[in-house]
Amino acid sequence: EQRWSLKGMTALVTGGTRGIGHAIVEELTAFGAIVHTCSRNETELNERIQEWKSKGLKVSGSACDLKIRAERQKLMETVCSEFDGKLNILVNNAGTTIPKEATEFTMEDFSTIMTTNFESAYHLSQLAYPLLKASGNGNIIFISSVTGVIAVPLCSIYASTKGAMNQLTKNLACEWGKDNIRVNAVAPWIIRTSLIDSIEHASRLIARTPIPRPGEPNEVSSVVAFLCLPAASYITGQVICIDGGYSVTGF
Ligand code: NDP
């Protein structure tokens with residue numbers, strides 16, 4: 001049934017070569033979407049594209065550094081010509097962190113984290129707007145974090161980018177609802193990906209989670225796909241925690 005399908009829909013998923021983004025690419029294609037993705041490492045990107053091709057999945061890709069404004073513009077031009085000016089789904093997934101105390105962060109750290117996580121997601125949403133509107137049924141999903149909802153050690157800049165994303169979700173939902181564009185965010189807790197290798201205190205945090213294990217990338221991608229489905233057509237402006245219950249801070 002059409003309510004539970006993304007058949008024929010077009011999607012841009014940033015950072016699809018690893019982790020959560022990789023799972024999102026596979027989940028959206030499984031629901032019938034045609035996907036374009038990107039990452040900085042061109043070798044890894046081409047390997048993934050070959051793997052997807054051999055599985056019969058419709059995925060294309062561009063090597064780009066989302067920190068650079070001109071590369072974001074070029075990416076959206078590619079997407080525009082590939083998908084005939086129409087985009088149904090933008091997933092702002094690419095992101096990074098550097099674990100440090102607030103007193104230790106440098107200006108370069110600040111700029112790297114802010115630009116990768118927030119500025120690029122903001123700008124890509126602006127660039128995608130005409131394409132999302134032209135599709136007649138547009139969706140933006142921000143991959144935020146529980147750290148943007150409650151305070152967690154060693155991530156003050158990262159957490160600020162995610163808090164900003166959570167508010168942006170609400171503002172864009174209000175500005176673009178009239179254009180048939182829904183805007184939602186998912187806020188994962190600790191998910192088993194390469195990003196987590198750098199977090200030394202992860203095991204202590206996992207032990208304090210009601211479901212005491214890390215999440216898997218496909219436990220995030222399933223919610224992303226659901227939010228993009230016609231079945232979710234009245235949901236907009238929401239930030240959904242995928243966190244094994246961590247953010248309820250119960251007993
Ligand atoms: P990974 O580090 O495993 O993957 C990140 C992906 O983004 C890679 O494909 C990477 O490719 C790409 N990427 C990173 N920087 C850039 C850039 N400047 N330009 C283009 N592509 C880039 O991360 P996760 O899958 O763990 O994280 C994905 C998202 O989920 C992030 O926004 C993160 O903040 C969020 N998240 C993750 C959690 C976790 O526990 N893992 C928890 C909560 C949120 P390349 O390096 O080649 O550029």
Side-chain angles (χ1 to χ4, degrees), residues 12-27 35-49 52 59 61-76 78 90-99 111-124 141-150 152 154-155 157-166 168-169 185-203 205-206 209 213-221 223-224 239-244 246-247:
L12 169 60
V13 178
T14 63
T17 52
R18 294 196 304 275
I20 294 171
H22 185 266
I24 294 170
V25 169
E26 298 207 331
E27 195 89 52
V35 179
H36 191 89
T37 189
C38 69
S39 73
R40 286 167 301 180
N41 185 330
E42 189 162 16
T43 312
E44 194 175 32
L45 179 68
N46 289 334
E47 279 170 17
R48 292 297 96 80
I49 303 249
W52 285 320
V59 187
S62 306
C64 74
D65 185 347
L66 292 172
K67 289 199 295 303
I68 299 164
R69 191 176 176 84
E71 298 206 14
R72 299 193 288 259
Q73 278 158 336
K74 189 156 164 278
L75 172 68
M76 202 57 73
T78 304
L90 167 64
V91 183
N92 284 305
N93 164 76
T96 196
T97 192
I98 304 168
S111 166
T112 300
I113 302 170
M114 273 292 174
T115 312
T116 309
N117 296 8
F118 187 65
E119 184 187 311
S120 84
Y122 190 93
H123 187 211
L124 284 177
I141 308 289
F142 290 102
I143 309 303
S144 176
S145 167
V146 164
T147 65
V149 180
I150 54 174
V152 170
L154 302 176
C155 62
I157 302 173
Y158 176 82
S160 302
T161 66
K162 299 302 189 178
M165 226 174 216
N166 294 347
L168 180 60
T169 299
V186 297
W189 181 223
I190 297 170
I191 307 296
R192 218 196 320 242
T193 71
S194 57
L195 194 80
I196 281 318
D197 298 344
S198 63
I199 313 293
E200 283 166 14
H201 55 288
S203 58
L205 297 173
I206 289 163
T209 305
R213 61 166 177 84
E216 297 296 331
N218 70 7
E219 294 180 296
V220 178
S221 62
V223 183
V224 172
V239 180
I240 298 176
C241 292
I242 304 171
D243 67 350
Y246 188 80
S247 62

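In each ligand, atom 1 is the first atom listed, and ligand 1 is the first ligand listed. What you see is a predicted model; the values in this text were computed from it and never measured.
- Given atom 11 (O) of ligand 1, the protein heavy atom at minimum distance is S39 CB, 3.5 Å.
- Here the options are V186, V91, I191, the test is side chain to side chain contact (heavy atoms under 4.5 Å, CB included), and the partner is I20; only I191 passes.
- For atom 42 (C) of ligand 1, the nearest non-hydrogen atom of the protein is W189 O, 3.0 Å.
- Of the protein's non-hydrogen atoms, T17 OG1, 2.7 Å is the one closest to atom 9 (O) of ligand 1.
- The pair R192-E219 does not count as a salt bridge, with every side-chain nitrogen at least 4.0 angstrom from each carboxylate oxygen.
- Look at K162 and you'll find a heavy atom under 4.0 Å from some atom of ligand 1.
- Close approach of ligand 1 to G95 (heavy-atom distance below 4.0 Å) involves ligand atoms 31 (C), 32 (O).
- At a 4.0 Å heavy-atom cut-off, ligand 1 does not touch S120 at all.
- Between the S145 side chain and the T147 main chain, a donor and an acceptor come within less than 3.5 Å of each other.
- Nearest heavy atom pair, residue G61 against residue L45, reads C-CD2, 4.0 Å.
- Residue, atom and distance of the protein heavy atom nearest to atom 3 (O) of ligand 1 are S194 OG, 2.7 Å.
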List the steps, then state whether side-chain contact (heavy atoms from CB on, under 4.5 Å) holds for L90 with V13. CA-CA 6 Å; L90 167 64; V13 178; over 6 Å; no

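- The 12-atom threshold is not exceeded at CD of E42, counting heavy atoms of other residues, nucleotides or ligands nearer than 6.0 Å.
- Counting only distance, with no hydrogens or angles, the side chain of N218 and the backbone of S221 share no donor-acceptor pair below 3.5 Å.
- With respect to atom 23 (O) of ligand 1, the closest heavy atom belonging to the protein is L195 CB, 3.7 Å.
- Of all atoms in ligand 1, numbered sequentially from 1 with element shown, those under 4.0 Å from a heavy atom of I143 are 29 (C), 30 (O), 32 (O), 35 (C).
- Taking every heavy atom of Y158 and a limit of under 4.0 angstrom, the matching atoms of ligand 1 come to 33 (C), 34 (O), 35 (C), 36 (N), 43 (C), 44 (C).
- By heavy-atom distance, the residue among C38, A94, C64 lying nearest atom 20 (C) of ligand 1 is C64.
- Per-residue contacts place S145 under 4.0 angstrom from the following atoms of ligand 1 (heavy atoms of the residue considered): 43 (C), 44 (C).
- Between R40 and E71 there is no salt bridge, since none of the side-chain N atoms of the basic residue sits less than 4.0 Å from a carboxylate O of the acidic one.
- At a 4.0 Å cut-off, at least one heavy atom of S144 sits close enough to ligand 1 to count as contact.
- Atom 32 (O) of ligand 1 has as its closest protein heavy atom N93 O, 2.7 Å.
- Panel note: side chain D243, backbone P188; no donor-acceptor pair is recorded below 3.5 Å.
- For atom 25 (O) of ligand 1, the nearest protein heavy atom (residue, atom name, distance) is I20 N, 2.8 Å.
- Between E119 and K67 there is no salt bridge, since no side-chain nitrogen of the basic residue lies less than 4.0 Å from a carboxylate oxygen of the acidic one.
- The heavy atom nearest to atom 7 (O) of ligand 1, out of those in G15, P188, C155, S62, is found in G15.
- Shortest non-hydrogen contact noted between T14 and A94 is OG1-N, 2.9 Å.
- A side chain to side chain contact (heavy atoms under 4.5 Å, CB included) with S144 is found for one member of V149, L168, N166, T161 and no other, namely N166.
- Some N or O of D65 is nearer than 3.5 Å to an N or O of ligand 1, by distance alone.
- Side chain of T37 to main chain of G16: a donor-acceptor pair is present (N/O by atom type, distance under 3.5 Å, no hydrogens or angles).
- Which parts of ligand 1 touch I190 is read off a 4.0 Å heavy-atom cut-off, strictly below it: atoms 40 (O).
- The closest protein non-hydrogen atom to atom 14 (C) of ligand 1 is R40 NH2, 3.5 Å.
- Under 4.0 angstrom from ligand 1, the non-hydrogen atoms of N41 come from both its backbone and its side chain.
- Distances shorter than 4.0 angstrom do not occur between any heavy atom of T96 and any atom of ligand 1.
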